[in-house]
Each structure stands twice: as C-alpha cells, then as structure tokens.
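Below is one structure, written out as structure tokens; comments come after it.
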Amino acid sequence: MTDRAPRISVLRLAPAGLLGACLLAVACLELVERTRRLLEEPKVAADFKQRFAPLLPHLPERGVLGFVTAPEVLAALTSGKGFEGLTPTELNAVLTMNLFLCAQALAPRHLVLGEQQEWVVGSFLWEERVPALPPGSPHELVAQGPHGVRLWKRR
Amino acid sequence: VEAALTLLSFLPPVWIGASLLRLTGARGRTGVVGRWGDLGMALLLGLGVVSITTFVLLLARRSWLGSAPFAEIGVALGLALLVRRRVRIFEELGGSTLRDLVTCGLLLAWVGYVFVSIQHEAPHGDSDAAGIWNQRAVYLWRSGEDLAPAFAAHVSHPDYPMLVPCLVVRGWSWAGGESLLAPMAVAGAFLFACIGVAAAAVAAARGPRAGLFAAAILAGTPVFVHSGAAQCADVPLAALLVAALATLAAPRVERGDAVRAGLLLGLCCWTKNEGLVTAALVLLLHARRPRILAWTLVGALPGLAACAVQRIRFPAPNDLVQDLGGIGAGASRFLEPGRHADVALGFLERLLWFDAEFWNGVPGMLPWLVAGVLAVRAAGFSRPPIDIQVVARAIGLLLLFYYVVLVVTPRDLAWHLGTALSRLLLHTWPAFVYALCASSAPEETTVLSWNR
C-alpha cells in the first residue's frame, strides 16, 4: 500500500533541523576525536591475557587468589589525590579495570582485592608499575611476567 | 581465519531470524532502509535463539559446546523446512533511490568508523564489559563441566541474565577459541540492528527519509554509539525493546505479530534484569487486549524459561535488592525529599542534554520532544499511523521505574546517578526516536510495518 504525499517542506522541519544541525556539529567533533584516538597506541594491550601466561603453571586450577597493585597507586587512591594526570575517580576505574582483566586472564580462578589469600597476584593496567606486598608479608615471590606482573605464595 | 569464522557465525542467526519473521507472518519491507530493518530484526531474533541454544548446550554438557555451530545450523534448517510451507516474505521488496542508498552508506560508514575507533582504543570493552559480560563468558568458557565459577559470589553481578555472555561463548566456539573479535562482533551486530530496526519502523510509518532521519539521530548520538561499542548489554536491550514496541504499536497486530513481539520481550528478560521489568510493563499495557496478551506471553516463553532455569540452577542474589536493607529502609529513603530532588534534577539534566560526562553530548529527549510537538503543531501533520500511546506509555513507565530505583538505591546516590542514569535512558532512546519520528515527521509514503 503506497500513497504519494506532498514533498517535505524544510520549514516544517525547522526545529528538528536545528537539532539535526547540532548533531552534525557533534558528529564533526566526534570524527576529529575518534581519528586522533585511532592514531594513538591503545592504552590497554589487546594481548592482556598473555601477560599472565608465565603465572599459570604455578597456580592451582581453581580457587580464590588475592590481588594487589603498585603501592604508589594504592596510596594515591587512598589519599584521594590524582596520579599521573588521573583523577581519583579515573584511577579507581583503572584499578577496577585492571582487576577485571586480571580475573579474565586467570579464570576460572577468582580474584579478590587484598593480600590475605595463599596466592597473591600483582599487576597494574598499562604502566610498568611494579606491584608489591606490604612489608612483613608472609609471602614469597614465585613467578613474574612482563609489565610488572607478579605472583606470590604464602611461605 | 578468526575474522572469517566470526563473520560466518552470523549466518545461522540471520537464517533463523528470517525464518522466524516468516513463521510469524511478517511481511518484507521496501527499499534499503526496509532491508536494513529486516536484517536487523532477523539478527535480533536469531541471536536471541542461538544464545538460548548455547545456554542449553552449556547446561547439558560443556563439552557439547564445540558442536554449537552444528546445532545452530540444525535449528536453522529445521525452521527453513517449516517456513517452506508457510508464508514467504521478501516478495514485495522494491528499489531505493540513490539518495537513500548514499545516506544509508554514509550513516553505516560513520557508525562503523566510530565503532572501530572505540574497539581499537578499548579492545576488551569498557569496565562493565570486562567486569560483567565478557568476564562471565570467560568463566563459562573455561569452567569445564562445573559452571559454578561463572556464578560464584566473587564474580560481579552473578545474577545478571546471559544473552550477551552466551553469544560471546558461541562466537568462541565458532572461532575455535577465545578471541577478542567475538564480543566486538556481537556488540556491532546489536548496534547495527538497533539503528536499522528503529529506522525501518519509522520508514514504515512515514517513509524512507523520515526513517533515515531517525537513523541519523541515533547514529549522531555519541553516547549511544559509544554504549553500543562498549560490549555491554544496554544497546542489545534497547534494540529488543524498540523492535518489540514497533511490532506492538503497528495498526494491526495479528497472532504472529504478538508472538514475535513476545519473543523479543522474552529476550529482553534474557538480556538484563531491567528487561524483566520492561517486558512486564509492556505486557501490562496490553492487559485490556487479552488475545494479544496471551500470544505475546506465548512468544515470551523461551526467554522467560531461560531466565527461570538460570535462577533455579544458579541462584544468586541481586546486589541492589540484597543491600536495600528491607522494605522499611527502602521506604525511608523513598520518603526523603532531598533524594527526590537530586534524582529529578539528574533526570532533568540528562533529558535536556544526553550525557554531561562526555565532551560530545547531544540534546536529550526533552528538546527533541519540543521540536516534535512544534513540527506537528506548525504543519498539522496527520494522525500517526502507529499506536503512539503504547510506545509513550512504555517509555514513561520504564523511566518512572528507573526513577524509583534511583531514589531508593542503597548505593551512594551521586555515584549511582553519575554512572547509571545516561545508560538507563539509553534503553528507551531508540524507542523514543522511533515514536518521535513516526509521529511528527511528514508523511511520505504509507507502508505498514512488519505486521501484515
């Protein structure tokens, strides 16, 4: 069922046209921004899981592992100050993302923040930051991978 | 090879979806916008079916997952045999103007460019994708016969439905191993389908140019495209919702249409917890049409059954409900005027300007609504050829539900508003754009929707 209808009048669509022009402007800005980001190196490596490959032979097949990150990162987060250009909120997001990606890399084992578990994994998302356990920790270093990835086991 | 297999993995869902469209009596659309919508609708239905198929295989025996491609091809062949004796669509497909083709091409190129740029920047998806959806898929893939680790308390949101994780897992079974391409492809398919279905639904009511205008609004909303590229479940839910509403808002809703809408609503439930509420609200709106309600419920059964099996087999508490502190605590938060003021202000901000967190936000629903009303009043356009009330009420009720949830949330209110509100509004954004363009754009041609 098809009917011919009057041609569209530009005036009729003026208000929507204004908003459409706004969209077009945003689209142009987005194009510039997207191109800029496309030319940049991605901050999170696509082969993130490979970082943890050296740890896997040492780990039990299942269980809950502890997770720590670089002390200066935790200190910056705890103090509420920024860290290398990141706001505390952004830093928290980076830390969370790091934890999530580590959990993916080490699944089906589970990760929890802290160093109370028998096995503790350390990593930070994209910097060459070296994670460390608090002084006096009863854990010893068992294995390490690239990009500051570490694995400790309780003595 | 990985890319080719990932691409190939979309053939059975499209085949299954097209068969389901035919089985439920849908008619083909005309023009390039209509074809985009047909393909989108077939993708939505087909991806939903193969997601449930994957879940069934996982439950039956994890080692059977390798046979997922054969199971899907079997389902597709079975449906195709059924369709042969029933209805044929794609018979009434007509040509398109060069302008429509070029506009469609430009829009797809634009969305594709933004999508690829985001995948390049964040190949694992955003933090919700890495922490919830893709993480669940990894656990399902690596857990062996015991799926419990995928639903353990240490996994974030173990109660969330599994449409997206199951699709990622079946993508890996096609590719022969874990691949970053599978979640990217799933995200891209839903984004493509969402824009196409909304555009085609508008085109069916008001002609292809109005449809393309709707597509341009969606493609030109950065927060929407970003969310679609984030590998999360928000745009899949939005796509399923707009597809279901477009089916139910058509002038004639036959039995097959109601079943199809029900199937889509059931898949909403299988996508996100919010989908369960969405489906309930849409069904509630049809309480006075018992025949449609009954057939919609029949259609929703596969999605609802999958959800029920997940809840029974892997019971996990919802974090918001668990931390609510009981009805009394929730009620006391609800009675705090300050919380209402904060949430209402948050809604107003986001309804005026879509996302203040992005440097590239766009006008939200309110300016578009005003523009639509002005356009209708100035030109006296004809009554919309769709049941606009169904869509408007569904959107309104869903937003009201989100408002109440945010008022009573046990989380820090500012944090919850900042992280959730734009995302929640996105669930209704394609449906809103569909309703707006279908009711306020000038009428070009009248081609009834997928419904006969």
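Hydrogens, waters and symmetry mates play no part in the numbers below; they use all other heavy atoms, side chains included. Just so it is clear: chains get the letters A, B, ... in the order the sequence lines come, proteins before strands, and each one is counted from 1.
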Could you tell me whether the side chain of H124(B) and the main chain of M97(A) form a donor-acceptor pair under 3.5 Å? no

Using atom types as modelled and distance alone, determine if a side-chain donor or acceptor of R142(B) lies under 3.5 Å from a backbone N or O of R109(A).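 No, the answer is negative, given that no donor and acceptor are paired below the 3.5 Å cut-off.
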
Less than 4.5 Å to any heavy atom of chain A: does that hold for the side chain of [X], its backbone, both, or neither?
| X | answer |
| --- | --- |
| L180(B) | side chain |
| W110(B) | side chain |
| P149(B) | both |
| A122(B) | neither |

Non-hydrogen atoms of [X] and [Y] that approach each other most closely:
| X | Y | value |
| --- | --- | --- |
| Y139(B) | A107(A) | CE2-CB, 3.6 Å |
| V26(A) | G220(B) | CG1-O, 4.4 Å |
| A129(B) | Q104(A) | O-NE2, 4.4 Å |
| L38(A) | V116(B) | CD1-O, 4.2 Å |
| V112(A) | H154(B) | CG1-ND1, 3.4 Å |

Please tell me if the side chains of [X] and [Y] come closer than 4.5 Å, counting only heavy atoms from C-beta onward.
| X | Y | answer |
| --- | --- | --- |
| F100(A) | N134(B) | no |
| R34(A) | I118(B) | yes |
| R62(A) | D146(B) | yes |

Under the salt bridge (charged side-chain N to carboxylate O under 4.0 Å, His left out) rule, what pairs show up with a residue in residues 132-144 of chain A, not counting sequence neighbours? none

Nearest-0.5 Å distance, [atom1] of residue [X] to [atom2] of residue [Y]:
| X | Y | atom1 | atom2 | answer |
| --- | --- | --- | --- | --- |
| L99(A) | S127(B) | CG | OG | 11.5 Å |
| E178(B) | K49(A) | CD | NZ | 4.0 Å |
| S117(B) | R36(A) | OG | CZ | 9.5 Å |

